[in-house]
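All figures in this text were calculated on a predicted structure; none of them were measured in a lab. Chain naming here is simple, since letters A, B, ... match the order of the sequence lines and numbering starts at 1 in each.
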Protein chains: 2
Amino acid sequence: MNQEDFKVLLRDKGLKVTSQRLLVLQVMAEHPGEHLTTEEIYDMVKQTNPEIGLATIYRTVQVLVDLHLIDKINFDEDVARYELRNQNTKHHHHHAICLGCSKVISFEDDLLENLEAAVDERIGFKVMDHEVKLYGYCSECRKKMEQQ
Amino acid sequence: MNQEDFKVLLRDKGLKVTSQRLLVLQVMAEHPGEHLTTEEIYDMVKQTNPEIGLATIYRTVQVLVDLHLIDKINFDEDVARYELRNQNTKHHHHHAICLGCSKVISFEDDLLENLEAAVDERIGFKVMDHEVKLYGYCSECRKKMEQQ
DNA sequence: AGAATATTGAGAATGAGAATCATGGGTCTG
DNA sequence: CAGACCCATGATTCTCATTCTCAATATTCT
């Protein structure tokens with residue numbers, strides 16, 4: 001998603017093009033694969049525009065989520081995190097969360113297609129998007145456990 | 001999970017058996033398949049024990065989650081919800097969330113086993129539990145959309 | 001350019017959940 | 001069964017993420 005496409009997208013939705021919105025998207029685009037909190041985005045955006053307000057960050061990430069440019073993810077913390085969405089895939093990607101070190105590993109997979117087909121057939125539910133979290137132990141933590 | 005087993009489980013963990021803990025679990029057990037907020041549990045528990053405090057509900061649901069008797073679920077609201085865990089299965093069950101009417105449909109499925117095997121093989125991650133949310137349209141909302 | 005209107009920034013307000021602490025209730029030992 | 005020990009409870013306060021409010025400003029349309 002380049003800046004010009006973003007401007008068109010905003011205008012199509014009746015939203016105004018502002019320097020704040022451009023800047024927040026740019027910061028997100030510069031950190032693909034990272035799971036950023038509103039506060040973290042705020043700090044990074046302030047390096048370019050120190051005048052920006054935190055409330056604007058909250059409002060802007062909501063706009064970007066609505067436009068499907070970023071995803072909101074919830075990792076059982078007390079803050080929400082946001083991640084740039086891969087525009088090539090129409091789905092969220094998955095997250096594996098280590099119960100040992102809390103590390104989050106992201107991965108793509110389409111093995112859910114048969115699950116989605118089964119749900120459609122069984123209860124008539126048409127899946128548009130999915131969100132999968134796997135809880136377990138990463139290879140490093142498994143090694144540590146074996147050593148003990 | 002009957003009450004006697006629960007008492008044994010608490011004592012095994014070095015936790016005390018209290019009337020409040022018994023009551024909260026009982027209320028959860030009387031509402032299988034429902035996704036209750038702390039406030040809703042509070043209201044129901046108060047009908048039997050009006051003296052109980054809200055803080056105790058917060059503390060008790062945390063205990064029940066740790067004991068794997070209930071699951072905490074997050075539906076992109078600003079409150080957490082809790083659901084009785086089916087003791088026959090060691091995993092969370094899945095949730096299909098309708099984008100039209102916000103209805104939540106629960107279902108069991110083990111089609112994730114091949115996904116979990118793939119993750120183990122590919123990145124050495126050992127899955128202990130999973131949480132799946134499908135976003136889409138339920139059969140009723142699909143009918144309404146077709147009629148328009 | 002000027003009107004119309006959406007957006008912003010600052011600060012206050014909200015609300016879920018956690019922390020605090022004195023009191024009360026289980027549990028263990030003898 | 002008594003008394004000690006200490007965890008759990010209830011009431012309240014506190015914290016902190018997020019939302020709301022509103023006047024000032026920036027963007028878009030004509």
Side-chain angles (χ1 to χ4, degrees), chain A residues 3-4 6-27 35-67 70 72-82, chain B residues 3-4 6-27 35-67 69-82:
Chain A
Q3 193 157 298
E4 288 310 311
F6 179 43
K7 290 180 181 175
V8 171
L9 191 56
L10 284 172
R11 292 202 182 95
D12 280 355
K13 299 281 180 181
L15 300 167
K16 290 181 176 171
V17 175
T18 67
S19 63
Q20 290 89 340
R21 286 172 176 168
L22 295 173
L23 183 52
V24 170
L25 179 61
Q26 182 193 320
V27 162
H35 309 124
L36 303 172
T37 64
T38 319
E39 208 76 35
E40 288 167 349
I41 298 168
Y42 181 45
D43 288 341
M44 295 193 292
V45 165
K46 268 197 298 192
Q47 297 188 359
T48 302
N49 177 1
E51 303 302 315
I52 204 167
L54 180 55
T56 300
I57 308 295
Y58 276 97
R59 287 182 287 233
T60 305
V61 293
Q62 187 56 58
V63 168
L64 297 178
V65 167
D66 292 343
L67 295 175
I70 65 177
K72 182 177 185 175
I73 325 167
N74 198 296
F75 288 117
D76 297 328
E77 304 165 300
D78 52 355
V79 285
R81 292 184 178 271
Y82 297 87
Chain B
Q3 193 157 297
E4 288 311 311
F6 181 42
K7 290 181 181 174
V8 171
L9 191 56
L10 284 172
R11 292 203 183 96
D12 280 354
K13 300 280 180 182
L15 300 169
K16 290 183 178 171
V17 175
T18 64
S19 62
Q20 290 87 342
R21 286 174 175 165
L22 296 174
L23 182 52
V24 171
L25 179 61
Q26 183 192 321
V27 162
H35 309 123
L36 303 172
T37 64
T38 317
E39 208 75 36
E40 288 166 349
I41 298 167
Y42 183 44
D43 289 340
M44 294 193 295
V45 166
K46 269 197 298 191
Q47 297 188 359
T48 302
N49 177 0
E51 302 303 313
I52 203 166
L54 179 56
T56 299
I57 307 296
Y58 276 100
R59 288 182 286 232
T60 304
V61 293
Q62 189 55 59
V63 168
L64 296 178
V65 167
D66 292 343
L67 296 175
L69 298 178
I70 64 176
D71 288 313
K72 181 177 184 176
I73 325 166
N74 198 295
F75 288 117
D76 298 328
E77 302 166 300
D78 52 355
V79 286
R81 291 183 177 272
Y82 297 88

Trainee: Mind listing the closest non-hydrogen atom pair of B:Leu36 and B:Met44 along with its distance?
Mentor: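 Looks like CD1-CE, 3.4 Å.
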
Trainee: Tell me whether the side-chain N/O atoms of B:Tyr58 come closer than 4.0 Å to OP1 or OP2 in C:dA18.
Mentor: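 False: B:Tyr58 side-chain N/O out of range (4.0 Å or more) of C:dA18 OP1/OP2.
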
Trainee: B:Gln26 versus B:Leu23: any side-chain heavy-atom pair under 4.5 Å?
Mentor: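 Yes, their side chains come closer than 4.5 Å.
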
Trainee: Any non-hydrogen side-chain atom of B:Leu54 less than 4.5 Å from a side-chain atom of B:Glu39?
Mentor: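 The answer is yes; the side chains approach within 4.5 Å.
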
Trainee: Which of these nucleotides, C:dA19, C:dA16, C:dA6, is closest to any side-chain atom of B:Ala55?
Mentor: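 The listed nucleotide nearest to B:Ala55's side chain is C:dA19.
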
Trainee: To the nearest Å, give me how far apart CD (A:Glu51) and C1' (D:dA26) are.
Mentor: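 It is 15 Å, rounded to the nearest whole Å.
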
Trainee: Across the strands shown, which category fits A:Arg21 at heavy-atom distances under 4.0 angstrom: base, sugar-phosphate, nothing?
Mentor: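 It contacts sugar-phosphate atoms only.
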
Trainee: When all nucleic acid strands are considered with a 4.0 Å heavy-atom cut-off, which category describes B:Leu54: base, sugar-phosphate, or nothing?
Mentor: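 Answer is nothing: B:Leu54 stays at 4.0 Å or more from every strand.
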
Trainee: Where along residues 35-47 of chain B does a heavy atom fall under 4.0 Å from DNA chain D?
Mentor: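 By residue number: none to list.
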
Trainee: Heavy atoms from C-beta onward define the side chain here; which of D:dA11, C:dT27, D:dA26 lies closest to that of B:Val17?
Mentor: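 Of D:dA11, C:dT27, D:dA26, C:dT27 is nearest to the side chain of B:Val17.
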
Trainee: Measure across B:Leu10 and B:Lys16 and return the closest heavy-atom pair with its distance rounded to 0.1 Å.
Mentor: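 Heavy-atom minimum between the residues: CD1-O, 3.9 Å.
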
Trainee: Please state whether the phosphate of C:dT7, meaning OP1 or OP2, lies under 4.0 angstrom from any side-chain nitrogen or oxygen of A:Thr56.
Mentor: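 Looking at the OP1 and OP2 atoms of C:dT7, neither is under 4.0 Å from any side-chain N or O of A:Thr56.
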
Trainee: Once you round it to whole Å, what is the distance between C1' of D:dA17 and CG of B:Asn74?
Mentor: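 Distance check: B:Asn74 CG to D:dA17 C1' gives 14 Å.
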
Trainee: Using a distance-only test with no angle check, is there a side-chain donor-acceptor pair under 3.5 angstrom linking A:Gln62 and A:Asp66?
Mentor: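 Side-chain D/A pair, A:Gln62 to A:Asp66: present.
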
Trainee: For A:Val79 and A:Thr38, run side-chain contact (heavy atoms from CB on, under 4.5 Å): C-alpha distance rounded to whole Å, both residues' side-chain angles, the deciding distance at 0.1 Å, then the answer.
Mentor: CA-CA 8 Å; A:Val79 285; A:Thr38 319; over 6 Å; no

Trainee: Compare every heavy atom of B:Tyr82 with every heavy atom of B:Ile70, then report the nearest pair and how far apart it is.
Mentor: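 For B:Ile70 and B:Tyr82, the tightest heavy-atom pair comes out as CD1-CD2, 3.8 Å.
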
Trainee: Between C1' on D:dA11 and CD1 on B:Ile57, what's the gap in Å once rounded to a whole number?
Mentor: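 Distance check: B:Ile57 CD1 to D:dA11 C1' gives 14 Å.
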
Trainee: With respect to the side chain of A:Asn49, which nucleotide from D:dA11, D:dA8, C:dG9 is positioned closest?
Mentor: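 For the A:Asn49 side chain, the nearest candidate turns out to be C:dG9.
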
Trainee: Round to the nearest Å and state the distance from A:Glu77 atom CD to C:dA18 atom C1'.
Mentor: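 In whole Å, C:dA18 C1' and A:Glu77 CD are 16 Å from each other.
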
Trainee: Can you check the A:Lys7 NZ to D:dT27 P distance for me, whole Å?
Mentor: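 In whole Å, D:dT27 P lies 11 Å from A:Lys7 NZ.
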
Trainee: Classify the nucleic acid contact of B:Arg11 as base, sugar-phosphate or nothing, counting any heavy atom under 4.0 Å across all strands shown.
Mentor: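 Sugar-phosphate: the residue B:Arg11, judged by heavy atoms under 4.0 Å, touches backbone atoms but no base.
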
Trainee: Using whole Å, what does the distance between atom C1' of nucleotide D:dT9 and atom CG of B:Leu22 come to?
Mentor: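 Atom-to-atom, B:Leu22 to D:dT9, this comes out as 14 Å.
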
Trainee: Please pick, from D:dA8, C:dA10, C:dG17, the nucleotide with the shortest atom-to-atom distance to any side-chain atom of B:Ala80.
Mentor: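 Closest nucleotide among those given: C:dG17.
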
Trainee: Which of these nucleotides, C:dT7, D:dT21, D:dC6, is closest to any side-chain atom of A:Lys16?
Mentor: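 In terms of side-chain proximity for A:Lys16, the closest of C:dT7, D:dT21, D:dC6 is C:dT7.
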
Trainee: Whole angstroms only, please: what is the CG-P distance between B:Leu15 and C:dG26?
Mentor: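 Nearest whole value for this atom pair: 15 Å.
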
Trainee: To the nearest Å, give me how far apart CZ (B:Arg81) and C1' (C:dG17) are.
Mentor: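 Spelled out: CZ on B:Arg81 to C1' on C:dG17 is 16 Å.
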
Trainee: Might you point out which heavy atoms bring A:His35 and A:Ile73 nearest each other, and give the distance in Å?
Mentor: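 In this case the closest contact between A:His35 and A:Ile73 is CD2-CD1, 3.6 Å.
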
Trainee: Hey, which of these two, B:Gln62 or B:Ser19, hits DNA chain C nearer its 5' end, going by closest nucleotide?
Mentor: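 Closest to the 5' end, via its nearest nucleotide, is B:Gln62.
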
Trainee: Do B:Arg59 and C:dG17 have a side chain to base donor-acceptor pair shorter than 3.5 Å?
Mentor: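 Counting by modelled atom types and ignoring angles, no donor-acceptor contact under 3.5 Å is found here.
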
